[in-house]
K.L.:
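Take a look at the following structure, please.
Proteins get letters first, then strands, A, B, ... in listed order; numbering begins at 1 in each. Values below: all heavy atoms of this structure, side chains included; hydrogens, waters and symmetry mates excluded.
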2 protein chains.
Amino acid sequence: MPTIFDVARRAGVSKTTVSRVLNHPELVNEETKRRVRGIMEELSYTPSILAQGMRAQRTKSFGVVIPDFKNLYYAEFLEHVEIAARHHGYIAIICSTDIDPDREREYITKLIMRQVDGLIMCWYKSVTANRDFLVKLAKKLPVVIMDQPSQGLPVSSVYTDGFKGIGRLTKYFIENGHRKIAIIRSLKKYPVGNSRYEGYAAALQKQGLDIDEALVVESEWTAEGAFEATGRLLAGAEPTAIIAVTDLMALGVLKYLKDNGYDVPGEIAIAGFDDISVSSLVSPRITTVAQPVDRMAWEAAQQLIRRIENRHVRNRDIELENRLIIRESTKQPVEDEVTG
Amino acid sequence: MPTIFDVARRAGVSKTTVSRVLNHPELVNEETKRRVRGIMEELSYTPSILAQGMRAQRTKSFGVVIPDFKNLYYAEFLEHVEIAARHHGYIAIICSTDIDPDREREYITKLIMRQVDGLIMCWYKSVTANRDFLVKLAKKLPVVIMDQPSQGLPVSSVYTDGFKGIGRLTKYFIENGHRKIAIIRSLKKYPVGNSRYEGYAAALQKQGLDIDEALVVESEWTAEGAFEATGRLLAGAEPTAIIAVTDLMALGVLKYLKDNGYDVPGEIAIAGFDDISVSSLVSPRITTVAQPVDRMAWEAAQQLIRRIENRHVRNRDIELENRLIIRESTKQPVEDEVTG
DNA sequence: ATTAATTATGGTATCGGTTTCATGAAAATG
DNA sequence: CATTTTCATGAAACCGATACCATAATTAAT
């Protein structure tokens with residue numbers, strides 16, 4: 001790899017001049033500039049970010065930590081985070097932890113060693129239960145937490161209100177005559193899933209319905225987990241509607257119902273959360289609470305970069321609106337209907 | 001962020017000794033070592049990879065360029081590439097180009113600026129049509145191309161034989177009585193899709209069937225593209241089976257057929273390629289030619305890292321076997337059946 | 001014509017590590 | 001006891017860039 005010194009020698013100038021051609025071209029003689037640029041082209045010289053970063057103490061990169069590539073919600077998130085990063089001249093370094101806490105710590109350490117300028121974390125775990133860790137981390141570099149509010153910690157956050165979203169969905173079911181509405185919730189240690197569950201519980205109570213424990217089952221954050229959970233649910237109850245706390249899980253529910261000959265939505269209606277693209281690629285298309293993942297990604301990157309580039313920018317909790325999208329999995333096919 | 005100098009001062013030693021504690025601990029006095037390690041812990045010191053990389057001329061990282069996060073084939077690939085990278089102490093820097101050639105070049109340049117030690121590229125474009133570019137690139141760092149052979153270029157490659165895979169699938173259809181087998185192929189500029197198409201064409205001819213142009217339609221590499229292409233296909237032909245050159249596209253085909261009241265596989269059977277996880281999450285589950293994406297990712301990373309760490313390792317073309325998995329989209333539900 | 005301002009360029013320190021070489025002290029050898 | 005090893009450590013060079021300061025050559029101003 002050619003260095004700035006190689007270019008300088010070939011052009012018969014000092015490396016200072018070469019550097020100036022790139023960073024302060026107005027200070028360099030036209031003729032020299034042309035010559036140096038020619039040599040750069042010829043050697044296909046690109047300055048080393050390592051050296052630049054060392055000098056400038058920033059790398060124009062930030063880390064993105066997600067639990068799982070295969071969850072399309074994160075895939076879509078990454079797509080947009082990357083666009084935002086690129087737009088600001090940054091590069092996103094993406095790590096998937098596979099929901100393994102050890103890997104998570106390891107990756108965070110690695111990202112810090114690489115001197116990323118900031119960190120976006122899709123964190124399913126409790127923010128408060130990891131208070132010390134996050135406080136320590138946030139001292140080192142700006143942090144944005146996705147999908148849950150910062151709860152007073154020194155980080156920014158971007159999320160939608162899962163409580164409200166599932167609440168609206170539950171209300172929709174009730175208004176359409178459902179009385180036995182089941183929910184496939186996530187394990188209780190995951191606050192993101194918990195607030196969605198609580199939205200369900202609160203909506204039921206508001207409409208004067210009791211929570212039937214037989215209609216509540218826990219599941220892993222996967223389609224397979226939800227598939228299996230649906231089996232458990234139907235062994236002990238006869239719901240007319242099933243809410244899954246993510247679309248990926250709703251896919252698992254749908255699979256179970258179809259495999260076992262249930263008519264959806266005729267016998268059992270289903271709904272999810274996130275609005276991942278496959279939700280409208282399956283039949284019936286799945287009713288869901290859509291998160292504006294493109295805007296969420298954009299806001300997260302924007303807020304992070306602002307904080308990186310100006311230390312006076314303060315942490316913010318950025319709440320975006322989710323919205324209920326009614327599709328065929330909860331009624332007979334007509335046009336999509338957007339509520340809220 | 002504490003530096004090696006901070007640790008050295010606090011421990012009352014030189015930075016050389018601190019460095020030695022990390023890299024050649026056997027050369028350091030036990031007592032000193034303990035003291036230095038204590039300070040490191042206390043300051044939560046992590047050496048800067050920037051500085052290390054600058055000295056060592058390697059960053060223990062490699063770039064991965066994919067066209068699209070949302071294609072689950074790549075998502076699954078990334079999952080496994082990352083595991084392999086981690087296993088070898090490397091970090092994968094992932095970039096998605098969104099099938100935009102400008103972004104692709106830009107990212108490759110950026111990765112080189114970041115001094116990645118190697119590059120894995122999921123390249124849908126023609127290798128030979130980009131010969132000059134790839135030759136130039138391969139001079140700078142080891143490169144592994146996915147999904148197509150290297151065609152004599154100075155890069156390694158990892159792929160399965162799409163020609164053979166789709167050939168087997170086509171033969172299966174013919175043996176099961178299908179005579180009007182349609183194919184949703186990709187645009188002709190993409191060689192990965194082309195060889196799959198050719199496998200279809202060759203299999204038909206081998207079984208004495210002619211290629212009916214009305215049964216061949218082109219589509220973008222997306223579910224939406226295939227959805228639309230299926231509409232075009234069915235406007236001018238009445239196939240009893242449809243092959244899509246990827247599972248993602250097969251999902252689009254399935255959607256179109258279901259939306260338009262076709263019985264799958266009763267009226268029209270469908271099949272795809274890749275075996276992404278959602279293929280068995282939809283109903284009917286989709287028959288496909290499975291690529292061993294986990295092993296492909298592992299081999300790619302392994303070969304790349306070998307070449308990075310030992311300049312005498314030569315480029316290799318690594319062909320892995322794909323296999324036909326028969327599911328309900330081509331026959332009535334029973335157990336999965338694996339052929340070839 | 002002399003001084004001041006402008007223009008173009010180079011020398012050198014710096015960022016945070018690793019490595020080579022040098023050095024002094026302690027231990028082992030003859 | 002003198003000499004050679006071994007052990008423990010530090011000083012300095014280097015990796016590739018940027019930025020500050022210095023300087024020489026013009027050009028402009030008085």
K.L.:
Does D:dA19 have OP1 or OP2 under 4.0 Å away from a side-chain N or O of A:His24?
P.N.:
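The answer is yes; a side-chain N or O of A:His24 sits under 4.0 Å from OP1 or OP2.
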K.L.:
Test A:Pro142 against every option in A:Arg311, A:Gln303, A:Arg307 by the side-chain contact (heavy atoms from CB on, under 4.5 Å) rule and name the one that passes.
P.N.:
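Only one of A:Arg311, A:Gln303, A:Arg307 forms a side-chain contact (heavy atoms from CB on, under 4.5 Å) with A:Pro142, namely A:Arg307.
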K.L.:
So B:Ser19, base contact, sugar-phosphate only, or nothing? Heavy-atom distance under 4.0 Å.
P.N.:
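It contacts base atoms.
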K.L.:
Nearest whole angstrom, please: distance from the P of D:dA19 to the CE of A:Met54.
P.N.:
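For the pair A:Met54 CE and D:dA19 P, the rounded distance is 15 Å.
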K.L.:
Take the protein atom CZ of A:Phe5 and the nucleotide atom P of D:dC15, then report the distance between them rounded to whole Å.
P.N.:
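Atom-to-atom, A:Phe5 to D:dC15, this comes out as 10 Å.
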K.L.:
Could you pull out all residues at least two apart from A:Arg9 that satisfy salt bridge (charged side-chain N to carboxylate O under 4.0 Å, His left out)?
P.N.:
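Partners of A:Arg9 by the salt bridge (charged side-chain N to carboxylate O under 4.0 Å, His left out) criterion, ordered by chain and then number, come out as A:Asp6.
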K.L.:
Between OG1 of A:Thr46 and CD1 of A:Ile4, what distance do you get to the nearest 0.5 Å?
P.N.:
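A:Thr46 atom OG1 to A:Ile4 atom CD1 measures 11.5 Å (nearest 0.5 Å).
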K.L.:
On DNA chain D, compare the nucleotides closest to B:Thr17 and A:Thr16; which residue's is nearer the 5' end?
P.N.:
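Result: B:Thr17.
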K.L.:
Roughly how many Å is it from CD in A:Gln52 to P in D:dC15, rounded to a whole number?
P.N.:
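In whole Å, D:dC15 P lies 18 Å from A:Gln52 CD.
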K.L.:
Distance from A:Met1 atom CE to B:Lys140 atom NZ, nearest 0.5 Å?
P.N.:
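With rounding to 0.5 Å, CE (A:Met1) is 5.5 Å from NZ (B:Lys140).
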K.L.:
Which comes earlier along DNA chain C counting from the 5' end, the contact point of B:Thr46 or that of B:Arg20, where each point is its nearest nucleotide?
P.N.:
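Closer to the 5' end of DNA chain C: B:Thr46.
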K.L.:
Using a cut-off of strictly less than 4.0 Å between a heavy atom of the residue and any atom of DNA chain C, enumerate the qualifying residues of residues 28-42 of chain A by number.
P.N.:
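The answer is A:Val28, A:Asn29, A:Thr32.
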K.L.:
May I ask you to say whether A:Lys60 pairs ionically with A:Asp117, meaning some side-chain N is under 4.0 Å from a carboxylate O?
P.N.:
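Salt bridge: no.
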K.L.:
Angle class for the A:His88/A:Trp298 ring planes (parallel below 30°, perpendicular above 60°, tilted otherwise)?
P.N.:
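If you compare the ring of A:His88 with that of A:Trp298, the planes turn out tilted.
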K.L.:
So, is the end of the B:Arg105 side chain (NZ or CZ) under 6.0 Å from the ring centre of B:Phe133 and within 45° of the ring's axis?
P.N.:
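Checked: cation-pi criterion met.
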K.L.:
Measure the distance from CG on A:Asn23 to P on D:dG16 and round it to the nearest whole Å.
P.N.:
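Atom-to-atom, A:Asn23 to D:dG16, this comes out as 17 Å.
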K.L.:
To the nearest angstrom, how far is A:Lys15 atom NZ from D:dC15 atom C1'?
P.N.:
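Rounded to whole Å, this separation is 10 Å.
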K.L.:
Go through DNA chain C in 5' to 3' direction and return only the first and the last nucleotide with some atom under 4.0 Å of chain A's heavy atoms.
P.N.:
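On DNA chain C, the outermost contacted nucleotides are C:dA8 to C:dG16.
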K.L.:
Nearest whole Å is fine: how far is D:dA17 P from A:Arg55 CZ?
P.N.:
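Computing the A:Arg55:CZ to D:dA17:P distance gives 13 Å.
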K.L.:
How close or far is atom C1' of D:dA19 from atom CG of A:Leu22, stated in whole angstroms?
P.N.:
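Spelled out: CG on A:Leu22 to C1' on D:dA19 is 14 Å.
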K.L.:
Can you say whether the rings of A:Phe62 and A:Tyr90 are parallel (under 30°), tilted (30 to 60°) or perpendicular (over 60°)?
P.N.:
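Rings of A:Phe62 and A:Tyr90: tilted, as their planes differ by 30° to 60°.
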K.L.:
So, does A:Asp68 use its side chain to make a donor-acceptor pair with the main chain of A:Asp98 at under 3.5 Å?
P.N.:
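Side chain of A:Asp68 to backbone of A:Asp98: no pair is present.
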